[in-house]
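The structure under discussion appears below in the form of structure tokens.
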Amino acid sequence: MSVSLDKATDYLCLADIARELGVSRATVTNWHQRHADFPHIETLGAMSYVKRGELYAWLDATNRWESIRKARESHGSEVRKPRVRSDVAEIRRLIERHESALKRLTRELARALDSQ
């Protein structure tokens with residue numbers, strides 16, 4: 001069943017849940033896959049959303065807050081930092097390796113947009 005997100009603040013995508021709670025995206029996925037009582041996931045396009053109120057009620061009911069707090073403390077703030085490449089030569093190699101594919105995809109996108 002698809003959903004219209006009239007009030008965007010009432011819904012969180014799975015990645016937003018991870019960011020808001022300070023846990024990994026894999027943790028949120030595991031909760032969803034391993035717990036039948038995890039809140040119902042609504043789909044809009046390719047994104048999956050959970051109602052904020054249902055999520056917080058589930059976190060309360062399953063007493064997850066303490067495990068979330070412990071995970072934050074044990075991992076520290078270093079865990080949440082995004083990976084940044086610093087090797088300029090490696091970055092250039094990656095660009096060169098993927099440049100032709102990016103150009104091809106750009107052409108395909110332009111053709112698809114023109115045909116609409």
Side-chain angles (χ1 to χ4, degrees):
M1 173 173 101
S2 64
V3 63
S4 170
L5 300 181
D6 295 329
K7 285 181 147 181
T9 57
D10 290 346
Y11 293 86
L12 292 168
C13 73
L14 302 184
D16 288 341
I17 292 170
R19 273 190 294 280
E20 187 166 305
L21 298 177
V23 298
S24 70
R25 174 68 170 76
T27 296
V28 178
T29 300
N30 287 337
W31 289 341
H32 170 247
Q33 291 175 346
R34 295 179 183 170
H35 301 281
D37 61 339
F38 188 80
H40 177 73
I41 291 185
E42 304 282 354
T43 303
L44 180 64
M47 297 290 292
S48 299
Y49 296 88
V50 173
K51 286 185 179 179
R52 182 186 300 270
E54 290 178 11
L55 171 70
Y56 280 91
W58 182 81
L59 292 168
D60 288 339
T62 57
N63 197 23
R64 298 245 176 250
W65 295 109
E66 184 62 19
S67 61
I68 291 170
R69 184 189 62 76
K70 286 180 181 176
R72 283 180 176 170
E73 288 176 358
S74 68
H75 291 86
S77 61
E78 295 297 316
V79 174
R80 305 294 339 116
K81 289 184 179 176
R83 179 176 178 212
V84 177
R85 296 181 192 272
S86 58
D87 182 353
V88 174
E90 178 189 7
I91 295 168
R92 285 188 174 134
R93 280 192 299 276
L94 288 168
I95 291 170
E96 288 171 6
R97 187 168 76 198
H98 297 288
E99 186 175 22
S100 63
L102 291 171
K103 286 180 180 177
R104 180 178 47 79
L105 288 170
T106 301
R107 286 191 304 269
E108 288 179 21
L109 175 62
R111 277 187 250 135
L113 291 171
D114 288 342
S115 68
Q116 289 184 348

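On a predicted model such as this, the values are computed, not experimentally measured, just so you know. Counting from 1, the numbers follow the sequence of the chain as shown.
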Does the pair Val50 and Leu12 meet the rule for a side chain to side chain contact (heavy atoms under 4.5 Å, CB included), with working shown? CA-CA 5 Å; Val50 173; Leu12 292 168; 5.6 Å; no
Could you walk me through whether Leu109 and Leu113 pass the side chain to side chain contact (heavy atoms under 4.5 Å, CB included) check? CA-CA 6 Å; Leu109 175 62; Leu113 291 171; 4.0 Å; yes
[X] [atom1] to [Y] [atom2] distance, which is reported to the nearest 0.5 Å:
X: Leu55; Y: Arg64; atom1: CG; atom2: CZ; value: 11.0 Å
X: Glu42; Y: Lys51; atom1: CD; atom2: NZ; value: 6.5 Å
X: Leu105; Y: His98; atom1: CG; atom2: NE2; value: 11.5 Å
X: Tyr49; Y: Ile41; atom1: OH; atom2: CD1; value: 12.0 Å
X: Trp65; Y: Leu59; atom1: CH2; atom2: CG; value: 4.5 Å

Only one of Val28, Leu21, Thr27 passes side-chain contact (heavy atoms from CB on, under 4.5 Å) with Ser24, and that residue is Thr27
Assess the residue pair Lys103 and Glu99 against the criterion (salt bridge (Lys or Arg N to Asp or Glu O under 4.0 Å)); give the C-alpha distance rounded to whole Å, side-chain angles, the decisive distance to 0.1 Å, and a yes or no. CA-CA 6 Å; Lys103 286 180 180 177; Glu99 186 175 22; 3.7 Å; yes
Can you see which heavy atom on Pro39 is nearest to which on Glu54, and at what distance? CG-O, 3.5 Å
Provide the closest heavy-atom pair for Ala112 versus Ser115 in the form atom of the first, atom of the second, distance. O-OG, 2.9 Å
Side chain to side chain donor-acceptor pair (under 3.5 Å) against Arg93, all qualifying residues, sequence neighbours excluded: none
Any side-chain heavy-atom pair from Leu14 and Ile17 closer than 4.5 angstrom? yes
Parallel, tilted or perpendicular: which describes the rings of His32 and Phe38, with under 30° parallel and over 60° perpendicular? perpendicular
Pairs touching residues 107-116 that satisfy salt bridge (charged side-chain N to carboxylate O under 4.0 Å, His left out), sequence neighbours left out: Arg104-Glu108
